[in-house]
Amino acid sequence: EAGVAKATLYNHFRTKDDVWAALVEAEVRAVGAECADLDLVDALAHAARRISEHAALRRVADTEPAALAGLLTRRPPAAGWRAAEELVRSRLAAAGLAGDDLVLRWLGSHLAAPATPPAIRTAAEALARGLPPDPAADRKVPA
C-alpha cells in the first residue's frame, strides 16, 4: 500500500513490528498537530475518531491483533507510545488537568473497539468533565 517494494521497506525497518511502530509514531504526531488548536473535548473526540477510523490500524487489529497489542505493551514503550504520552500530558497540563494515563487508556481502547462519532463525542465530553485537576498546577508560581 505504501507504493514501495517489500525489500525496500525492509532496508529501512528490520521487522514488521518496527514498521508498525514507525507508522504509529508518525500518526500520533500527525494527530497531535491536528489537535493543537482544538479545545480539549474536540481534541479528544478527533483523536479517538482518527484511531477508530484509521484503515491500517483497523487492518492490523483484524488480522494481527498480537502485533497491535505488542505496540501497546512493549517495554520500554515504543516511540509512538512515548510521543502520545508526551502530547497528552502537555495538553492536559496546559489545561491545568491531570489524568494522562486515563486519557491514553481511553484512546487506546479505540484500537480494539472502535466507536461511532456520536458515541466518541459523548464519551469525550464525559472524560473531560471527569479529569482531575493537576496537583502540580497548585505549586506553580505565576510569573
Side-chain angles (χ1 to χ4, degrees), residues 1-4 6 8-10 12-143:
E1 289 184 29
V4 297
K6 196 174 198 177
T8 302
L9 187 67
Y10 284 110
H12 297 282
F13 301 100
R14 292 182 58 193
T15 67
K16 192 182 331 183
D17 288 344
D18 291 340
V19 173
W20 288 120
L23 170 69
V24 169
E25 182 178 7
E27 288 299 311
V28 163
R29 295 197 185 285
V31 170
E34 292 167 7
C35 293
D37 294 328
L38 301 176
D39 70 32
L40 182 60
V41 171
D42 289 340
L44 290 170
H46 179 76
R49 212 172 27 257
R50 281 283 309 270
I51 292 167
S52 288
E53 297 171 355
H54 195 283
L57 290 174
R58 296 283 47 83
R59 183 172 180 188
V60 174
D62 291 343
T63 62
E64 299 184 54
L68 196 56
L71 290 174
L72 297 174
T73 59
R74 188 187 218 175
R75 294 292 173 240
W81 189 255
R82 288 191 313 270
E85 289 174 329
E86 177 185 305
L87 287 166
V88 168
R89 192 174 297 118
S90 67
R91 182 61 184 266
L92 292 179
L97 298 170
D100 51 299
D101 188 57
L102 177 62
V103 170
L104 287 163
R105 288 174 188 271
W106 179 74
L107 289 169
S109 74
H110 291 86
L111 291 167
T116 64
I120 288 171
R121 181 71 188 190
T122 299
E125 290 168 351
L127 178 60
R129 278 193 309 271
L131 290 171
D134 182 358
D138 295 336
R139 294 190 299 263
K140 292 179 183 169
V141 179

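Partners of Glu34 according to the salt bridge (charged side-chain N to carboxylate O under 4.0 Å, His left out) rule, which considers only residues two or more places apart in sequence or in another chain, are Arg50. Legend: residues meeting salt bridge (charged side-chain N to carboxylate O under 4.0 Å, His left out) with Arg82, ordered by chain and number and at least two apart, are absent. In this structure, Glu53 has no salt bridge (charged side-chain N to carboxylate O under 4.0 Å, His left out) partners at least two apart in sequence or on a different chain. Partners of His110 according to the ring-ring contact (aromatic ring centres under 6.0 Å, His included) rule, which considers only residues two or more places apart in sequence or in another chain, are Trp106. Partners of Asp39 according to the salt bridge (charged side-chain N to carboxylate O under 4.0 Å, His left out) rule, which considers only residues two or more places apart in sequence or in another chain, do not exist here.
Looking at heavy atoms from C-beta onward, Leu44 lies in side-chain contact with Val103 at the 4.5 angstrom threshold. In this structure, Leu40 and Leu131 have side chains that are in contact, with non-hydrogen atoms separated by less than 4.5 Å. Side-chain atoms of Arg121 and Val41, non-hydrogen and from C-beta on, do get closer than 4.5 Å to each other.
Annotation for Leu107 and Ala48: closest pair CD2-N, 3.7 Å, computed over non-hydrogen atoms. Among all heavy-atom pairs drawn from Pro135 and Ala98, the shortest one is CD-CB, 4.2 Å. A pairwise comparison of heavy atoms in Gly32 and Leu87 identifies CA-CD1, 4.0 Å as the closest pair. When every heavy atom of Val19 is checked against every heavy atom of Tyr10, the shortest pair comes out as CG2-CE2, 4.4 Å. Across all their heavy atoms, Cys35 and Ala43 have their closest contact at SG-O, 3.5 Å.
How far CZ of Arg89 is from CG of Asp101: 9.0 Å, rounded to the nearest 0.5 Å.
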For Asp134 and Leu92: C-alpha separation, side-chain torsions, deciding distance, then whether side chain to side chain contact (heavy atoms under 4.5 Å, CB included) applies.
CA-CA 8 Å; Asp134 182 358; Leu92 292 179; over 6 Å; no
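Remark: the backbone N or O of Ile51 is paired with a side-chain donor or acceptor of Arg58 at under 3.5 angstrom.
Among pairs with a residue in residues 62-73, those fulfilling salt bridge (charged side-chain N to carboxylate O under 4.0 Å, His left out) read Lys16-Glu64, at least two apart in sequence or across chains.
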